[in-house]
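First up is the structure itself, then whatever we jot down about it.
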Amino acid sequence: MATLSQWRSNWTWPAWTQLLLARTEGRPAAPSLYDGTLITCALALMATGLVMVMSASIPEAQKIFGNPYHFAIRHAVFLCIALAVAGAILHVPMYRWQQGNSLLLLIAFVLLVAVLIIGKKVNGSTRWLALGPINIQVAELAKLFFFSYLAGYLVRRHDEVRENVKGFLKPLVVFFFLACLLIMQPDLGTVVVMLVTTMGMLFLAGAKLWQFAALVMTGVGAVVLLIMFSPYRLRRVTSFWDPWADPFGSGYQLTQSLMAFGRGSWTGEGLGNSIQKLSYLPEAHTDFVIAILAEELGFIGVVGVVLLLSVIVFRGLLIGREALNNERYFEGFLASGIGIWLCFQGVVNIGASAGLLPTKGLTLPLVSYGGSSMVILSIAIAVLIRIDHEMRMANVQAVGGRSK
């Protein structure tokens with residue numbers, strides 16, 4: 001009978017398999033084919049979110065549904081769905097995303113129109129499509145699909161974007177129509193996140209500085225006008241400046257959040273010991289989950305969450321830079337866009353809860369309660385992992401080819 005080594009010598013192994021077998025032959029261990037740091041930090045944030053949603057939602061769940069774990073159970077189900085979908089997306093090659101980016105944009109437009117016609121209205125906003133017991137927040141899909149389209153456009157029209165105004169303005173026209181549909185819901189927070197990410201991607205693509213400056217001024221001006229001509233948005237901004245001027249009115253939510261931060265001090269009151277979640281702080285398990293985390297786990301807990309999110313953001317940006325350096329332009333622009341998106345959304349959520357920014361209805365990535373947000377952000381993380389995986393595989397195959 002042939003020995004294992006003879007059998008190996010008679011078989012042409014793929015390059016990556018040769019490296020995986022190296023450990024059994026006493027050679028250097030095979031390199032990892034997936035970004036363990038990114039995966040670990042994402043799972044750690046998800047686990048933290050599950051624990052904090054359970055803790056923060058118990059009083060409200062008991063009051064509304066008579067089951068203290070209602071929101072926690074739903075969040076756990078959302079988390080399982082998100083992991084399953086992310087696992088499936090991980091097997092989709094990036095060239096498929098590049099081929100279908102225009103179709104994804106069309107789907108985003110159709111869904112945004114549909115939500116205005118047959119969408120479910122909650123708290124004065126029409127942002128959800130109801131599919132039985134599941135509510136889909138279309139704006140979350142629109143973010144990812146638009147960034148995929150923009151990455152594809154920047155590859156197709158790279159020289160045009162760098163050399164003339166027409167190429168620079170075309171994706172902004174698409175963004176304008178998306179923004180109009182989102183404002184009609186209304187959802188200014190998503191528009192701002194998409195605008196900032198769009199500016200970042202155009203900047204990376206080499207847009208001229210004067211074009212970039214004009215876009216910044218136009219975007220800021222548009223946001224200011226939307227705030228000035230909307231009474232409830234204006235109240236949010238004025239309450240952000242001095243929430244204690246009306247602590248039981250427009251400043252109520254922020255003052256309660258600040259109290260949670262203050263009570264937490266350095267090490268917190270202990271998991272489950274929050275006072276503000278006892279019907280004092282609205283949206284304690286969604287938009288303001290970081291405030292409950294600060295109250296129960298203190299400054300140390302907040303720093304831990306910020307560090308985990310920062311690692312994910314920096315890994316996304318580094319993966320994007322590496323892809324661009326390897327002339328994988330679609331992957332590079334998309335990875336960079338995802339990194340900017342996660343960074344800005346996290347900054348806005350934490351900043352609003354801490355009174356550093358006006359209050360906006362944006363979730364804390366991978367932590368806050370919300371099925372649509374959890375699933376879409378998990379897909380975004382899976383895309384980052386896939387981009388990094390394809391580059392690692394290319395490097396492994398190159399090493400294997402040289403070793404023959």
Side-chain angles (χ1 to χ4, degrees), residues 45 48-65 68-72 75 122-125 188-189 227 231-310 344-370 373:
L45 271 184
T48 302
L50 179 60
V51 172
M52 292 313 306
V53 166
M54 180 181 295
S55 176
S57 66
I58 285 176
E60 186 173 353
Q62 178 64 41
K63 178 181 177 181
I64 298 175
F65 301 100
Y69 300 110
H70 174 83
F71 291 113
H75 189 73
V122 179
N123 295 330
S125 299
L188 181 60
I227 292 173
Y232 85 93
R233 292 192 186 112
L234 187 59
R235 283 196 300 271
R236 281 187 173 185
V237 173
T238 54
S239 64
F240 150 71
W241 287 334
D242 186 8
W244 302 103
D246 188 12
F248 297 103
S250 60
Y252 178 78
Q253 199 169 30
L254 181 54
T255 55
Q256 297 301 317
S257 179
L258 293 175
M259 289 179 190
F261 274 91
R263 291 190 76 249
S265 188
W266 288 96
T267 58
E269 295 292 322
L271 188 63
N273 292 329
S274 167
I275 298 297
Q276 296 308 117
K277 69 183 181 185
L278 302 177
S279 300
Y280 293 105
L281 177 60
E283 310 295 339
H285 59 296
T286 56
D287 299 343
F288 284 85
V289 68
I290 192 67
I292 303 302
L293 187 146
E295 185 178 5
E296 296 187 351
L297 303 182
F299 178 77
I300 295 175
V302 175
V303 169
V305 169
V306 171
L307 286 176
L308 288 173
L309 184 57
S310 298
F344 186 73
Q345 185 162 323
V347 167
V348 170
N349 178 276
I350 297 173
S353 299
L356 302 175
L357 295 170
T359 302
K360 291 306 304 171
L362 292 173
T363 59
L364 181 59
L366 303 178
V367 177
S368 296
Y369 174 83
S373 175

Report task. Please check if any side-chain donor atom of Ser274 sits under 3.5 Å from a side-chain acceptor atom of Glu269, or the reverse. Result ->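 No, Glu269 and Ser274 have no side-chain donor paired with an acceptor closer than 3.5 Å.
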
Query raised in the report: Which residue pairs pass the ring pair (Phe, Tyr, Trp, His ring centres under 6.0 Å) test when at least one of the two sits in residues 253-284, sequence neighbours left out?
Result: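 Residue pairs passing ring pair (Phe, Tyr, Trp, His ring centres under 6.0 Å), neighbours aside: Trp266-Phe299.
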
Report task. Evaluate whether atom OH of Tyr69 has more than 12 neighbouring non-hydrogen atoms of other residues, nucleotides or ligands under 6.0 angstrom away. Result ->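 At most 12 heavy atoms, drawn from other residues, nucleotides or ligands, come within 6.0 Å of this atom.
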
Spatial distance of atom [atom1] ([X]) from atom [atom2] ([Y]) [nearest 0.5 Å]:
X: Ile292; Y: Gln276; atom1: CD1; atom2: CD; answer: 7.0 Å
X: Leu278; Y: Gln62; atom1: CG; atom2: CD; answer: 12.0 Å
X: Ile350; Y: Leu362; atom1: CD1; atom2: CG; answer: 12.0 Å
X: Ser373; Y: Leu366; atom1: OG; atom2: CG; answer: 7.5 Å

Do you know the tightest heavy-atom contact between [X] and [Y]?
X: Leu309; Y: Gly346; value: CD2-CA, 3.9 Å
X: Arg263; Y: Asn273; value: NH1-O, 4.1 Å
X: Ser368; Y: Val289; value: OG-CG1, 3.4 Å
X: Phe288; Y: Pro282; value: CD1-O, 4.0 Å
X: Ala72; Y: Ser57; value: N-OG, 4.1 Å
X: Tyr369; Y: Val53; value: N-CG2, 3.7 Å

When you compare the side chain of [Y] with that of [X], does any pair of heavy atoms fall below 4.5 Å?
X: Val367; Y: Ile290; result: no
X: Leu364; Y: Val305; result: yes
X: Pro365; Y: Leu45; result: no
X: His285; Y: His75; result: no
X: Leu271; Y: Met52; result: yes

Query raised in the report: Quick one: does Lys277's side chain have a donor or acceptor within less than 3.5 Å of a partner on Ser55's backbone?
Result: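 Judged by distance alone, yes, a pair lies under 3.5 Å.
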
Requested in this report: Give a yes or no answer on whether the side chain of Glu296 reaches the backbone of Gly272 with a donor-acceptor pair at less than 3.5 Å.
Outcome: yes

**Report entry** Test side-chain contact (heavy atoms from CB on, under 4.5 Å) applied to Glu295 and Ile275, step by step
**Finding:** CA-CA 8 Å; Glu295 185 178 5; Ile275 298 297; 3.7 Å; yes

